[in-house]
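Please read the structure below before turning to the comments.
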Amino acid sequence: MITAFFDKLRAYTSSSGSPPPLSTDSGAIAELQDYLEKLDAAGRLAWASRQFGNRAAIGTSFQGAGIVAMHLVKQAKLRIPVFTLDTGLHFIETIELKAELQEHLGITIENITPAFTLEQQASEFGPELWKHDPDLCCQIRKVLPLQEKLTSLDCWITGVRREQSDNRSSARVLELNEDENGRQLWKLNPLVDWTRNQIWEHIRQHNLPYNRLHDQGYRSIGCHTCTRAVADGTNERAGRWTGFNKTECGIHTFLKVKN
Ligand code: SF4
C-alpha cells in the first residue's frame, strides 16, 4: 500500500514538476502561464496559496464559479480568504446564499462595502443612479471598494471563465495587471477553462448551495436593480444592465493587463 502511494506521488511530481519562479519578466510569465494551464483548478489554487499566502484572496459574487473555487479550497484544506463586494442592492436570495455557504464550508466571507450608503449616493447624485448612470453607480459601489481592497493583496483570485462572454474569451489563467498608479497585481482565474456545464456538474455532484434565482431563468446575478431573467442559450452576461450598452461592471476592466 505504501509503495503504491509513493508510485502515485512520483507520477504526480514528475507530471507536474516544480513551478517556474514568479517573475514580472514577460518570458517568465509565459512559462508560468503554460505551467498553470496544465494544472487543474485545485492545483492552480494550491499554487496561489503557496506563492502568496494570505495576500491571495478569492473575490466572489456567488456565481457558480466562485462557489466551485471556494469548495475546491475547502477540499484541498487551503487557507485562502474570501471577500465579496456588498453593494447593498443584492437580491435576498444572494444574501441568504452567502450565509448558507459560510455555514456549509465553515468559512467567513468578508463584506467589502462602498464609502457611500445608498442614501448618501442618492443625495449626492440623485435617486436610483443605476437607472441613469450605471457606470458611475458601479464605480461607487463596486470598483472603488475593490480597488481599496486590492491594495492589501498581491493576487486576486476570480471566477472569470473564457466561455462567459466575448470580452472574457482571451482571459489567461494568470495575468499580471497594473493599476493607474503603476501598482502591479497578479490575477488568477483558476476556472478560466471550465464550461458552464462543468461548473454546474460540480455543484450538483457535491450538493453545494447555489443561488435559487438560477432556477428561475437568471444566469449571471448581480444587483436586483440591474439583473433580469433571460432565455436559455443567450450569452451568460445577458440579463445584466438591460437597455444599456454595458456588459461589465468595471471590476474586470479597470486594471490594465500587462501580460
Ligand atoms: S449593478 Fe447596478 S445597482 Fe449594482 S452597482 Fe452596478 S449600476 Fe449600481
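Atoms within a ligand are numbered from 1 in the order they appear, just like the ligands themselves.
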(message) Out of all atoms in ligand 1, which are within 4.0 Å of some heavy atom of R141? Include the element for each.
(response) 5 (S)
(message) Heavy-atom distances under 4.0 Å decide this one: backbone, side chain, both or neither, for C226 against ligand 1?
(response) side chain
(request) Please tell me if the side chains of Q75 and H206 come closer than 4.5 Å, counting only heavy atoms from C-beta onward. (result) yes
(request) Pull out every atom of ligand 1 sitting under 4.0 Å from any heavy atom of T225, numbered as shown with elements. (result) 3 (S)
(message) I want to confirm something. Looking only at heavy atoms, which of C138, C249, S61 is nearest to atom 6 (Fe) of ligand 1?
(response) C138
(request) May I ask you to check whether Y35 and W47 place their ring centers less than 6.0 Å from one another? (result) no
(message) Measuring centre to centre across the rings, with the benzene-like ring taken for any Trp, is W130 within less than 6.0 Å of F125?
(response) no
(request) Answer yes or no as to whether an N/O/S atom of C223 is found below 2.8 Å from atom 2 (Fe) of ligand 1. (result) no
(request) May I ask you to list the atoms of ligand 1 that are less than 4.0 angstrom from any heavy atom of L89? (result) 3 (S)
(message) Looking at F83, I'd like to know if the NZ or CZ of K149 sits under 6.0 Å from its six-membered ring centre while staying within 45 degrees of the ring's axis.
(response) yes
(message) Is it the case that atom CD in Q216 sees more than 12 heavy atoms from other parts of the structure closer than 6.0 Å?
(response) yes
